[in-house]
Amino acid sequence: MAKNIQAVRGMHDVLPEQTQSWQRVEKVFQQVLASYGYQEIRLPIVEKTELFNRSIGEVTDIVEKEMYTFNDRNGDSLTLRPEGTAGCLRAGIEHGLLHNQIQRLWYYGPMFRHERPQKGRYRQFYQLGVETYGMAGPDIDAEIIVLGHRLWTQLGIRDKLELQLNTLGSKEERQHYREKLVVYFSKHIASLDDDSRRRLQTNPLRILDSKNPEVQALVEQAPALMESLGDESLQHFKGLTQLLDEMGIDYKINCRLVRGLDYYGHTVFEWVTNDLGAQGTVCAGGRYDSLVEQLGARSSSAIGFAMGMERLMALVEMLDEESSPKRRSIDVFMICVGDKSRAVGMVLAETLRDQLPTLKLQVHCGGGSFKSQFKKADKSGAEVALIIGDDEVANSEVGVKSLRIQQDQNNMAPKEVGMYLEKALDIARRDGRSF
Ligand code: ATP
Ligand code: MG
């Protein structure tokens, strides 16, 4: 027998038993984002490779080793998007959404990075991204942070996440700091790993991001960027922390937080959890004003964040297991036995869906005896079974039976079924059998 084909390593399916929670969370995203006046933008999954090279930076994990890049049939180099910020800004510039305008945007969808797959780290993963353009002050920085805070609160995971904050200052300040760092790390070059040695030449700030414990120990003692900052940068940062204080948002200042991408300046932040092991950053963001010019547009301000859906769902599912039971995927199961009953059943089902738009009604397809269909009805988790056999068709009736409480089958005229179901489901809801 031929061997079954499996999914690409690191690319996972989201199975029906999980999609219920995914959809619930996605609805919360939509509601919360709408409540701040953010609008959705839908972007292509494939972009020109040049876009990512130019924006993310040549000397970053993503561009150096994680991109899915290929030549299409015309020989153009294309890349599966590893993140959404570059594509969103590309679209904003291309469609004139930036110049002299303010935008609050969000997108949601899969991203692709060729990383070593492990818990919380996949080669295809979903991100919710939020990007804002045209606002320079710390108020918008505070807004996207409080927006995240509201998302976690609505999802019930607020207590599991800590907000870490830092400022990277201006380009000139980072340049100055870079020199200090080179001097410092050069003195300790013997303790650096190969990656960090290479970065010492190309992008020393990235050494601060190293996951190697020996390098991390050195990083602890390294000069802090905050000490190289001028008044303007410090004022911006202070403006942000003051607003967060006023709104009662807790944060921890983490001077080592640099983020893995080149385009950030001033505010950077991460929402981090201890509950997911090594992959603890659920959401990360920052200000990237310089990227706008870098991509060829007139200068503007930009700040955003990206949240990893799989890591978020791992937290949400932990909570679901602790508290809420699974929601029913169907309310009503229709049993049809006999040729005539099949047509009568399907017609009635359509009428009921017209009458009760939120009703989740499944008609059994594929025949079988009453006994076998009742078994399936029971297993379906539905609250009520509708039964249509030859007798019911002959008498122009529909059988109705609760699958959850002891009750004899009850026959009624088809036009009474809608009202009956509405009541039965209402009672089920009150008794806590419906969510
Ligand atoms: P990490 O340090 O974990 O590699 P990153 O800095 O590369 O993260 P970002 O590019 O900032 O991550 O992406 C934002 C969020 O997207 C991350 O905080 C994380 O939740 C999620 N994410 C990033 N890479 C992956 C991945 N390979 N699999 C699953 N989620 C991911
Ligand atoms: Mg990464």
Side-chain angles (χ1 to χ4, degrees), residues 7-14 18 22 25 29 52 55-57 59-68 79-89 106-131 144-145 148 151-152 155 157 160-166 168 195 199 203 205-212 215-216 219 254 256-264 267-288 291 303-317:
V8 176
R9 192 164 122 80
M11 303 204 179
H12 63 101
D13 303 299
V14 182
Q18 300 166 290
W22 280 58
V25 169
F29 294 163
F52 303 114
S55 57
I56 297 172
V59 198
T60 55
D61 282 350
I62 293 182
V63 171
E64 276 182 341
K65 51 190 182 196
E66 295 175 358
M67 294 208 302
Y68 278 93
T79 294
L80 300 185
R81 62 182 186 191
E83 53 104 65
T85 300
C88 190
L89 191 50
W106 66 274
Y107 52 82
Y108 176 70
M111 306 294 160
F112 303 83
R113 296 184 194 176
H114 196 276
E115 302 198 65
R116 192 169 69 77
Q118 52 194 294
K119 188 171 168 261
R121 193 174 291 288
Y122 306 96
R123 290 180 172 175
Q124 173 174 335
F125 58 97
Y126 282 74
Q127 276 186 345
L128 168 71
V130 165
E131 314 287 357
I144 66 167
I145 287 173
L151 279 175
W152 324 140
L155 294 170
I157 54 168
K160 295 182 186 281
L161 291 166
E162 178 187 77
L163 172 62
Q164 299 194 356
L165 269 188
N166 192 20
L168 301 179
D195 254 0
R199 291 201 164 126
N203 193 350
L205 251 78
R206 296 296 320 287
I207 303 175
L208 303 183
D209 218 17
S210 169
K211 307 264 173 356
N212 178 334
V215 178
Q216 266 175 354
V219 166
N254 174 359
R256 313 290 164 205
L257 186 71
V258 288
R259 308 281 309 109
L261 307 133
D262 273 358
Y263 48 59
Y264 289 112
T267 307
V268 288
F269 62 91
E270 290 191 357
W271 293 94
V272 184
T273 180
N274 288 322
D275 289 9
L276 297 179
Q279 271 56 255
T281 303
V282 172
C283 175
R287 188 165 271 286
Y288 54 93
L291 185 58
I303 181 166
F305 68 69
M307 188 221 66
M309 185 66 175
E310 285 75 7
R311 295 185 195 175
L312 180 83
M313 288 314 293
L315 283 185
V316 169
E317 277 159 16

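Just so you know, residue 1 is the first one in the sequence shown, and it goes up from there. When a ligand or atom number is given, it counts from 1 through the structure's own listing order. No experiment lies behind these values; they were computed from the predicted model shown.
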Colleague: Asp61 and salt bridge (charged side-chain N to carboxylate O under 4.0 Å, His left out): which single residue from Arg121, Arg199, Lys211, Arg259 fits?
Modeller: Arg199
Colleague: Closest by any non-hydrogen atom to atom 30 (N) of ligand 1: pick that one out of Phe305, Phe125, Tyr126.
Modeller: Phe125
Colleague: Which atoms of ligand 1 are found less than 4.0 Å from any heavy atom of Lys211?
Modeller: 2 (O)
Colleague: For the pair His12 and Tyr122, name the ring-plane relationship: parallel under 30°, tilted 30 to 60°, perpendicular over 60°.
Modeller: tilted
Colleague: Can you say whether the rings of Tyr68 and Phe112 are parallel (under 30°), tilted (30 to 60°) or perpendicular (over 60°)?
Modeller: perpendicular
Colleague: Between Glu310 and ligand 1, does any nitrogen or oxygen pair lie at a separation below 3.5 Å?
Modeller: no
Colleague: Taking the six-membered ring for Trp, are Trp152 and Trp271 parallel (under 30°), tilted (30 to 60°) or perpendicular (over 60°)?
Modeller: perpendicular
Colleague: Please verify whether a non-hydrogen atom of Glu66 lies at under 4.0 Å from ligand 1.
Modeller: no
Colleague: Going by the rule side chain to side chain contact (heavy atoms under 4.5 Å, CB included), which residues pair with Asp275 if we only count those two or more places apart in sequence or in a different chain?
Modeller: Lys160, Thr273, Leu315, Met318
Colleague: Which of the numbered atoms in ligand 1 are under 4.0 angstrom from any heavy atom belonging to Arg113?
Modeller: 5 (P), 7 (O), 9 (P), 10 (O), 12 (O), 13 (O), 23 (C), 24 (N)
Colleague: Which ligand 1 atoms does Arg259 reach within 4.0 Å, using its non-hydrogen atoms?
Modeller: 6 (O), 9 (P), 11 (O)
Colleague: Taking 4.0 angstrom as the limit and counting only heavy atoms of Val282, give me the atoms of ligand 1 inside it, by number and element.
Modeller: 18 (O), 20 (O)
Colleague: List the residues meeting side chain to side chain contact (heavy atoms under 4.5 Å, CB included) with Pro117, not counting sequence neighbours, and say none if there are none.
Modeller: Arg9, Arg123
Colleague: Please find out if less than 6.0 Å separates the ring center of Trp106 from that of Phe29.
Modeller: no
Colleague: Using a 4.0 Å heavy-atom cut-off, which part of Gln279 comes near ligand 1: side chain, backbone, both, or neither?
Modeller: neither
Colleague: Atom 17 (C) of ligand 1: which of Leu128, Ile56, Thr281 has the nearest heavy atom?
Modeller: Thr281
Colleague: Counting heavy atoms only, which of Gly308, Gly120, Cys283, Ala284 comes nearest to atom 29 (C) of ligand 1?
Modeller: Gly120
